[in-house]
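Just below is one structure, and these are the notes that go with it.
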Amino acid sequence: MFALADCNNFYPSCERLFRPDLEGRPIIVLSNNDGCVIARSNEAKALGIPMGLPFFKLDPKQRRQMVVYSSNYALYGDLSRRVMQVLTTFAPRIEVYSIDECFLDLSGVADPIGEGQRIARTVRQWTGIPVSVGIAPTKTLAKLANRLAKKGQSPDGPVLDWSRLEDPAATLAGIAVEDVWGIGQRWGKRLRALGIADALAVRAAEPRWLRQQFGVVLERLGWELRGRSCLPLAALQPPRQQILVSRSFGAAVSTLPALRAAVTRFATRAGEKLRAQGRCAPALTVFIQTDPFDPARPFYANALTLPFAIPTQDSAALIRQAIRGIERLFRPGDAYRKAGVLLPDLRAAEPGPSDLFADPIADQAAARRMAALDAINRRFGRDTLRVASEMIGTGWQRRAGRMSPSSTTRWSALPTVRAC
DNA sequence: TCTGGGGTCCTAGGACCC
DNA sequence: TCTGGGGTCCTAGGACCC
């Protein structure tokens, strides 16, 4: 038995936490550079604001009705951690599936609905974030159950138990094929062309035929809709296979120093993630691209992968390689809009030299340097210590003009409460 | 003027091995 | 005239997720 706990409109709910006056008002949250709408409150959805809408295309009249936020990942990440921490107390095994979703193993629970209600109530009370809970014998059905609960189609409030549905077939028939977890636009189109337009039709399809037509992924999905679990709970997070840090720039960048500064930042961040995961990188890919939407100039995008003699965890090595790469990719005269650093093919960081010609003394010194850097930044805040080459060029930093305070992760942003 | 970021899995085909 | 069988590894591309 699986439960899926999914936070309702997570980012807007986070924003409301310290702004209870925003309850009932339409809220949208924007992507990096305040580019696109990436989250909406129910009120904003009701106004017809689509997901992914470029913010500048929102008509000014609607914009004025809306409370608009830049995304504040420090806030969302911290609140997510708190929600997951509460969920941990409800099941022996949980799978944190995304920033706002978590599967729980409810096997053996006598009263799943009661338990689901306790989960929703406790998360709400302890963190202030509203959640819905879908319960079912497979993850795919739990996803659907959760969706129905969110739409208010459950007699049990924020909780819906699939096995208690009066007419599951009719329910499945009411779910468009693209709304099933694992079926996107492409497959949705192909399925529709084959006469399969809703979840019920997917369930009715012969799983072996689904495999023939689409591969094993869709076959599993077919079984899951039939109530046979094929997607186990992944309680242990497998280590990352790659780390990507990339950003669109706040403005077009056409100078090498600014690009060096940007990739220094990206490589630094990639190094932090790498060490936090206990992984090391055998190579580094750096990429840049110009504005893909500018009809006046040709689009240019290029990437370069540079190997390390020995897989590394050292930010200094990552940065050197990233700068070397960007200098080779750079073409004078181009106006770049985006760059990034990718660490592919990660492997476990193993102690000791792994190469006959390695310099163990220097390696240990580098490891200690990185450990000190991470410890200082952890204690005093990210970016307390930075690499100088990050600061020699500007103009690439993101725009985020509507950011709320990081009320749970910065002392200076602690809210003040006045008693009257 | 203004268009996000970060991941995973599966499959097919080619190269190569014995 | 006739030309095996069984396997691994790697990569690129396509699909998906939030």
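Lettering follows sequence order; numbering is per chain, from 1. Please read these numbers as outputs of a predicted model, since none were measured by experiment.
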Canonical and wobble pairing (Watson-Crick, G-U, under 3.5 Å) of DNA chain B, dot-bracket with |: ....||||||||||||||
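Using a 4.0 Å cut-off, no side-chain N or O of A/S248 falls inside it from OP1 or OP2 of B/dT3. In this structure, A/N32 reaches the B/dG5 phosphate: one of its side-chain N or O atoms is under 4.0 Å from OP1 or OP2. Residue A/S31 places no side-chain N or O under 4.0 Å from the OP1 or OP2 atom of B/dT3. Distances shown here put every side-chain N or O of A/R337 at or beyond 4.0 Å from the OP1 or OP2 atom of B/dG4.
Contacts of residues 37-54 of chain A with DNA chain B (heavy atom under 4.0 Å): A/P54. Of the residues in residues 202-226 of chain A, those placing a heavy atom less than 4.0 Å from an atom of DNA chain B are A/G215, A/V216, A/V217, A/R220, in numerical order. In the region residues 261-296 of chain A, proximity to DNA chain B at under 4.0 angstrom, judged on heavy atoms, holds for A/K273, A/F293. Annotation: proximity of residues 230-244 of chain A to DNA chain B (heavy atom, distance under 4.0 Å) is found for A/R240, A/Q241, A/Q242, A/I243, A/L244, numbered in ascending order.
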What pairs of donor and acceptor atoms, side-chain ones from residues 207-216 of chain A against any protein atom, are under 3.5 angstrom apart with sequence neighbours left out?
unit_1	atom_1	unit_2	atom_2	d
A/R211	NH1	A/E219	OE1	2.8

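By the side chain to side chain donor-acceptor pair (under 3.5 Å) test, A/T268 pairs with no residue at all, sequence neighbours left out. Taking A/Y69 as the reference, nothing meets the ring pair (Phe, Tyr, Trp, His ring centres under 6.0 Å) condition, with sequence neighbours excluded. For the side chain to side chain contact (heavy atoms under 4.5 Å, CB included) test, residues two or more places apart in sequence or in another chain that qualify with A/S406 are A/N72, A/A74, A/T409, A/R410.
Applying the side chain to side chain donor-acceptor pair (under 3.5 Å) test to every pair with at least one member in residues 12-32 of chain A, sequence neighbours left out, gives these pairs: A/E15-A/Y76, A/E15-A/S404, A/R16-A/E43, A/R19-A/D21.
In this model, a donor atom of one side chain and an acceptor atom of the other lie less than 3.5 Å apart for A/T305 and A/T285. Between the side chains of A/S41 and A/N9, not a single donor N or O lies within less than 3.5 Å of an accepting N or O. Residues A/R324 and A/Q321 have side chains that bring a donor and an acceptor to within less than 3.5 angstrom of each other.
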Quick test: give all pairs of protein nitrogen or oxygen and nucleotides 8-10 of chain C nitrogen or oxygen below 3.5 Å, distance rounded to 0.1 Å.
none

Write out a two-atom table: protein N or O, nucleotide N or O from nucleotides 15-18 of chain C, distance below 3.5 Å.
unit_1	atom_1	unit_2	atom_2	d
C/dA15	OP2	A/R186	NH1	2.7
C/dA15	O3'	A/W187	NE1	3.4
C/dC16	OP1	A/G184	N	3.0
C/dC16	OP1	A/G184	O	3.4
C/dC16	OP1	A/W187	N	2.8
C/dC16	O3'	A/G182	O	3.4
C/dC17	OP1	A/G182	N	2.9
C/dC17	OP1	A/I183	N	3.3
C/dC17	OP1	A/I183	O	3.4
C/dC17	O3'	A/W181	NE1	3.4
C/dC18	OP1	A/K143	NZ	2.8
C/dC18	O3'	A/S98	OG	3.2
C/dC18	O3'	A/D100	OD1	3.2
C/dC18	O3'	A/E101	OE2	3.1

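A ring-centre distance under 6.0 Å is not found for A/W126 and A/F90.
When each of A/T171, A/L141, A/L172 is checked for a side chain to side chain contact (heavy atoms under 4.5 Å, CB included) with A/L165, only A/T171 meets the rule.
Heavy atoms of A/R398 sit nowhere under 4.0 angstrom from any nucleic acid atom.
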